[in-house]
Structures are given as C-alpha cells and as structure tokens.
Amino acid sequence: MADQGPAIGIDLGTTYSCVAVWQRDRIQIIPNDQGLRITPSCVAFNDIERLVGDAAMNVFPMNPANTVFGVKRLIGRRFSDPLVQRDVKHWPFQVICGARDKPMIDVTSKGQKKKCTAEEISSMVLTKMKEIAEDFLGVPVKNAVITVPAYFNDSQRKATRVAGYISGLNVLRVIAEPTAAAVAYGLDNMFSSSEEKNVLIFDLGGGTFDVSILAMDKSTFKVKSIAGDTHLGGEDFDSRMVNHFVKEFERKHRKDLSNNARALGRMRTACEKAKRNLSFMSHTTIAIDCFYDGVDFQCKITRAKFEELNMDLFEQCIGHVDKCLKDAEMDKKSIHDVVLVGGSTRIPKVQQLLQDFFDGKELCKSIHPDEAIAYGAAVQAANLTGQGNPEIQDLVLWDVTPLSLGIREINDSMSVVVPRNTTIPTKKEQGFTTTCDDQTSVTFQVYEGERPKASDNILLDKFVLSEIPAAPRGVAKINVRFDIDANGILTVTATDRTTGNENHIIISNVTGILSKDEIDRMLDEAERFKLEDEELKKNFDAKNSLENYVYRTRAAFFSKNLACELPASEAKKLEDEIKSAIEWLDEHKDIQVDVFENKRKDLESIWNPIVSKF
Ligand code: AMP
C-alpha cells in the first residue's frame with residue numbers, strides 16, 4: 001500500500017477549503033503558499049491569468065464580475081432550482097442557464113468570454129489544494145478523500161467526484177462533513193475510553209449548515225441522523241449586514257447601489273470583516289474610502305444589531321437541531337457532547353442559543369472549527385490506503401442516506417424503498433407489479449427526496465425491465481432491490497420473479513450528469529490552464545530576474561560611485577542604458593519568457609565587464 005503515495009483529506013468548503021495529511025503518526029494541516037491553513041474557495045479570471053485561493057480573493061473588490069466563489073451552492077443542481085435562482089440574484093458574477101438546465105458561470109478570461117460549470121470551478125480549487133499538499137510533501141499526490149455536506153444528494157456528491165476527477169485526483173471516497181468532524185473529535189476524545197457516546201456535531205460554515213448525531217465509541221462512528229440546510233451560513237449573515245448598510249447608505253446619501261457590483265463587493269468584504277470582529281467586540285465600524293460616486297462610507301454596528309438582523313437565521317439552526325434529535329428518536333439529555341465545527345460557530349449568539357437549548361450544557365470547543373473536517377478526511381484517507389497507526393486502521397465509519405430513495409408509482413406518488421437516515425451500506429427490497437393488462441415492460445424511475453409526489457423530488461435515473469410474460473394487470477411479481485455501498489453508490493435492480501429476468505442501473509458513477517465529451521473538454525482545459533500557469537510563472541520569474549539584475553546594477557552604479565570612477569562619457573552611457581532598461585521593463589509587461597532572458601543576456605554582456613572592474 002505504501003507505494004500509493006500519500007493520501008490527503010480535503011474539506012472543499014463553500015467559502016474556504018482546507019487540506020490535511022497523515023504524517024509522522026499524526027495529522028498535519030497543510031499550510032498554503034501564504035502560510036495560511038485555510039484557502040478561499042475562490043477563482044478569479046483577468047486579462048493575464050487565472051488566480052485561485054487568496055490571490056483570487058484579494059482581487060475580488062477590483063474585479064467582482066470575474067471573481068467566482070460559493071459554487072458549492074451550484075454543484076449538482078439545476079439552473080431552475082429555486083435555491084440557485086435565489087443565489088444568482090445576489091452574486092456579482094453572472095450565472096446563466098446552459099444545456100440540460102445546467103448552471104453555467106459566465107466570465108471573461110484573458111479577454112475572451114468563457115462559460116464554466118460548477119464542477120470546473122471546484123476542480124480548480126481542488127487542484128490548488130492538491131498543489132498545496134504536493135509543495136508541502138515534495139511528492140505528487142493522487143489519492144484523496146473529499147468531504148461534502150451530509151445533506152448533499154446523489155447528484156451533488158456525484159458532481160463533487162467529477163470535480164475531483166477533473167483535478168487529477170483519485171477520489172477514494174466522498175464522506176459527509178459531520179462524520180469527518182466526528183472522527184477528528186473522536187481521535188482526541190475517545191481513544192482513552194471504550195464507552196459509547198452520543199455526540200451532536202453542529203457545523204455552521206460559510207454557506208451550509210449541518211447538524212448530525214453520531215453514536216461513537218473508540219473506533220466506530222455511526223451516524224444516527226442528519227438535518228440541516230444547504231443554504232444557511234456565514235454568507236447569509238454577511239448578506240443581511242450588506243442589505244442593512246445599503247439601505248443606510250441610500251437613506252443618508254440618496255444613492256442606489258443595488259446594481260453596482262463593485263460597490264456591493266467592497267461592502268460585502270467589509271461586512272464579513274465586521275462580522276468577525278463582532279464575535280469578539282461589542283461594536284465595530286465599517287469604513288470604506290471613496291465608496292461610491294466619490295462618497296466615503298463610515299458606519300457603526302453593534303453586536304446587538306447584528307444579532308437582531310440575523311436572529312431568525314440563528315433560530316432556524318436551533319430548529320434543525322431539534323429535528324435531528326426527533327429523527328434520531330433521542331432526547332436532548334441523551335447527548336453526551338455538543339461539538340462546534342465551522343467558522344460561524346464563533347458567533348456568540350449562536351453559541352448562546354445552542355447552550356440554552358441544551359439547558360446550559362457546556363459546548364465542546366476542543367477541536368479547531370476550521371480544520372476539523374479536513375482532519376477527519378485525512379484520517380479516513382489514511383485508513384483507506386492502509387497508512388496511519390493501528391488505531392486509525394480500526395476505524396469504521398457508518399454514514400446514512402441523506403434523502404429517501406424510491407420509485408415513482410403510476411399516480412406520481414413516491415414509493416420509498418430506502419428511507420432517509422438509513423445507515424449505509426444497505427440493501428432494501430420492495431415488490432412491484434404491472435398496472436395494465438398484458439403489459440410486457442415496466443419503466444422504473446428512481447427518485448430522491450422527501451416529497452410525497454415523485455415529480456417534486458429529484459429524478460436520478462430510469463431503466464426498463466422488459467420481456468415480462470403477458471398477463472392481467474397485477475399478476476407479475478417484480479422485485480426491486482436498492483443496494484448502496486459505502487461510497488453512497490446506488491445500484492437498483494429489478495427482477496421478474498417468474499422468469500428470473502433482470503435489469504439494473506448503477507446510479508453513481510464518475511460521469512454523472514455531465515457527458516463524457518463535456519468531462520473530456522474540462523480535462524483538456526484543466527491541462528491547458530496548468531500549462532498556461534506554468535508558462536506565466538516562468539515568465540514572471542524571467543521578468544523578476546531581469547528586474548533584479550537591472551536594479552542591482554543601478555544600486556552598484558551609485559554605491560560604487562561609478563560616475564566618478566569611469567570616464568565621463570562611459571559613465572553617462574551606462575547611466576542612460578540603465579534608465580532605458582527600466583523604461584523598457586515598464587513598457588514590456590506581458591511578453592515571452594525568452595525575450596526577458598535574451599534582454600538580460602544582452603545587458604549582462606555589456607554591463608558585467610564594466611561593473612566587475614570596480
Ligand atoms: P467555514 O465554511 O467553516 O470555513 O466557515 C467560513 C465562515 O465562517 C465564513 O462565513 C466566515 O465569515 C465565518 N467566520 C470565520 N471566523 C468568524 C468569526 N470570528 N466570527 C463570525 N464568523 C466567522
């Protein structure tokens with residue numbers, strides 16, 4: 001197993017991502033090129049290059065229409081999905097409807113219009129996380145476990161696997177974020193005890209909220225129930241503050257900002273920072289110079305106002321906790337520990353409401369809220385590749401189905417075969433029959449969701465069982481079996497019990513809702529971007545090297561006082577040449593690497609013999 005190379009765990013977050021690896025008998029959270037342990041899940045396009053992570057986030061206020069973030073909210077969803085419709089209205093970048101109702105992100109990259117899928121943008125973030133790990137470990141990294149919110153349905157999980165595939169990763173497994181957090185918590189808190197505990201993981205991040213109850217002992221982690229909202233988190237709290245200040249600005253200055261993406265982008269950045277401050281301070285000030293139409297913006301906000309703006313959202317979180325307990329058929333007293341995960345759990349009001357709900361119980365803050373998920377994913381990656389110590393090798397994770405799975409009946413009702421929150425892997429069977437006389441084939445449509453009408457749920461796939469012997473309606477006995485493996489991959493098999501005739505579909509595979517051609521195109525583009533990035537880096541390096549050389553020579557010219565040492569005409573010539581080289585550099589910003597290299601060689605051959613004499 002060792003020759004598989006290191007296997008990493010990636011928390012692919014809505015706002016930030018984090019990568020970790022098992023190394024030297026413990027988990028290491030891997031810092032990025034800025035030395036930071038979390039990296040913004042953000043991609044920016046401009047006239048010269050594509051930026052990912054912190055670099056992309058930094059240019060957001062200057063170029064909001066081409067800075068893409070939060071695509072986890074789009075992945076695996078249809079454009080017409082009401083939640084997608086709600087999001088696209090608030091984003092400064094444009095999302096349009098592509099073929100087969102797929103949301104496409106419309107950006108301008110290097111002067112050209114470009115349409116990207118959410119899988120493609122996510123793959124760019126995953127590639128960045130892979131590179132961060134490779135730089136740290138000094139070896140290529142292929143294998144990864146990626147986390148997804150527990151509430152992600154089949155197509156969202158599938159799309160996340162596709163993103164991993166495009167980024168060149170072998171996705172060992174996609175696991176639920178709370179399960180990963182529970183593993184991180186368990187490693188720190190359970191290895192000394194063999195008693196079983198019920199742990200509630202409260203994970204409030206940038207874009208999603210997950211609450212889960214797990215029963216765990218030293219080595220077994222079994223999800224009992226999950227609840228939450230794929231559209232609730234820190235960004236919503238930011239939006240409430242942005243709306244508040246936009247109204248405030250309009251009231252004070254009679255100027256409407258609502259269609260100015262740049263101003264709104266700057267306001268959002270300032271509000272996010274203010275929100276963080278309010279977790280530690282009772283009030284803070286937002287100040288943006290030259291905010292709009294030459295007007296500066298400055299305004300105070302108290303923690304109490306922030307809480308008032310978001311109270312209904314905070315209360316929704318507590319409602320989901322209650323639902324999760326009900327689903328698990330548990331009383332709140334049977335929860336041993338409440339574990340906080342996700343950046344937004346730092347908000348004091350959220351903590352207070354949760355603590356009040358649990359009758360004053362102390363909340364567990366021992367695991368790092370930003371890193372726990374990547375930590376748990378890396379443990380699972382080590383477990384699956386036979387790395388790590390014996391304690392890790394003994395770990396067994398039991399996930400649950402996030403949504404009910406079933407077959408559409410003739411009257412459009414949803415016949416549930418696997419109820420939500422069923423522990424996986426699982427096998428469930430149900431009997432079906434024909435609905436017309438002499439019917440010789442039946443189409444099975446597999447749906448996912450909780451609504452009683454199948455058409456209100458998500459159609460995963462369909463298949464036909466044919467060659468059923470002709471008989472009056474209701475006579476044929478057809479058995480439908482749902483098999484879900486540990487990866488959440490669903491196989492549905494229909495068998496005619498009279499003839500033994502069988503047909504099946506495998507729902508989860510790497511191609512998912514994208515065609516093979518589309519995935520191939522994305523792979524080609526990912527490769528092209530990689531080559532362009534490498535080329536650009538070489539270009540910057542060559543330009544830097546030339547710039548360094550010119551400025552070093554200028555410094556030497558003045559420090560060694562060459563103007564006095566050299567004959568006047570020669571000194572004047574050298575000074576003019578240095579000046580013109582600096583002008584040349586200012587004018588030639590985006591040219592080929594060999595032009596910079598040749599220029600440096602030319603200058604060296606003229607200047608070195610002169611400067612080295614002194
Ligand atoms: P995550 O998705 O877990 O990385 O969480 C990111 C979210 O946590 C973002 O919306 C951040 O603004 C938010 N966040 C991070 N630190 C704080 C803090 N000190 N107070 C409030 N929210 C925070």
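When reading the values below, keep in mind they use all heavy atoms of this one structure, side chains included, and skip hydrogens, waters and symmetry mates. Every number for a ligand or one of its atoms is a count from 1 in the order of the listing.
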Who pairs with Ser344 by side-chain contact (heavy atoms from CB on, under 4.5 Å), at least two apart in sequence or on another chain?
Leu204, Phe237, Ile347
Provide, to 0.1 Å, the distance between atom 3 (O) of ligand 1 and the closest protein heavy atom, together with that atom's residue and name.
Gly343 N, 3.0 Å
Salt bridge (Lys or Arg N to Asp or Glu O under 4.0 Å) partner of Glu235, the single match among Lys72, Arg73, Lys275, Arg240:
Arg73
Tell me, which protein residue and heavy-atom name are nearest atom 22 (N) of ligand 1, and how many Å apart are they?
Lys275 CE, 3.6 Å
Which of the atoms of ligand 1 are close to Gly205, meaning less than 4.0 Å from one of its heavy atoms?
1 (P), 2 (O), 3 (O), 5 (O), 7 (C)
Specify the protein heavy atom at minimum distance from atom 6 (C) of ligand 1: its residue, its atom name, and the distance to 0.1 Å.
Thr15 OG1, 3.4 Å
Using non-hydrogen atoms of the residue, decide whether Thr14 is closer than 4.0 angstrom to ligand 1.
no
Protein heavy atom at shortest distance from atom 11 (C) of ligand 1
Glu272 OE2, 3.1 Å
Find all atoms of ligand 1 within a distance of less than 4.0 Å from any non-hydrogen atom belonging to Gly342, and give their numbers and elements.
3 (O)
Would you mind listing which atoms of ligand 1 come within a distance below 4.0 Å of any non-hydrogen atom of Gly234?
10 (O)
Looking only at heavy atoms of Ser344, does any of them come nearer than 4.0 Å to an atom of ligand 1?
yes
Which residue and atom name correspond to the protein heavy atom nearest atom 20 (N) of ligand 1, and how close is it?
Ser279 OG, 2.6 Å
Check for me whether Phe280 has a heavy atom closer than 4.0 Å to any atom of ligand 1.
yes
Any N or O of Gly206 that comes nearer than 3.5 Å to an N or O of ligand 1?
yes
Qualifying residue for side chain to side chain donor-acceptor pair (under 3.5 Å) with Asp81, from Arg78, Arg77, Gln85:
Arg77
Short N or O distance, Arg346 and ligand 1, threshold 3.5 Å exclusive:
yes
Is it true that Glu134 and Lys130 make a salt bridge, defined as a side-chain N closer than 4.0 Å to a carboxylate O?
yes
Test: Lys332 cationic atom under 6.0 Å from Phe357 six-membered ring centre, within 45° of axis
yes
Around atom 4 (O) of ligand 1, find the nearest protein heavy atom and jot down its residue, atom name and distance.
Tyr16 CB, 3.7 Å
Distance, nearest 0.5 Å, that separates CD1 of Ile166 from CZ of Arg161
13.5 Å
Taking the side chain from Asn310 and the backbone from Phe306, do they hold a donor-acceptor pair closer than 3.5 Å?
yes
Could you give me the CA-CA distance, side-chain angles and deciding distance for Asn421 and Thr401, then say whether side-chain contact (heavy atoms from CB on, under 4.5 Å) is met?
CA-CA 5 Å; Asn421 278 331; Thr401 50; 5.6 Å; no
Pairs flagged by side-chain hydrogen bond (donor to acceptor under 3.5 Å, both in side chains) wherever residues 198-215 is involved - sequence neighbours left out:
none
Hey, which of Phe60, Phe45, Phe69 is the one that makes ring-ring contact (aromatic ring centres under 6.0 Å, His included) with Phe93?
Phe69
Using a 4.0 Å cut-off to any heavy atom of Ile347, which atoms of ligand 1 qualify?
21 (C)
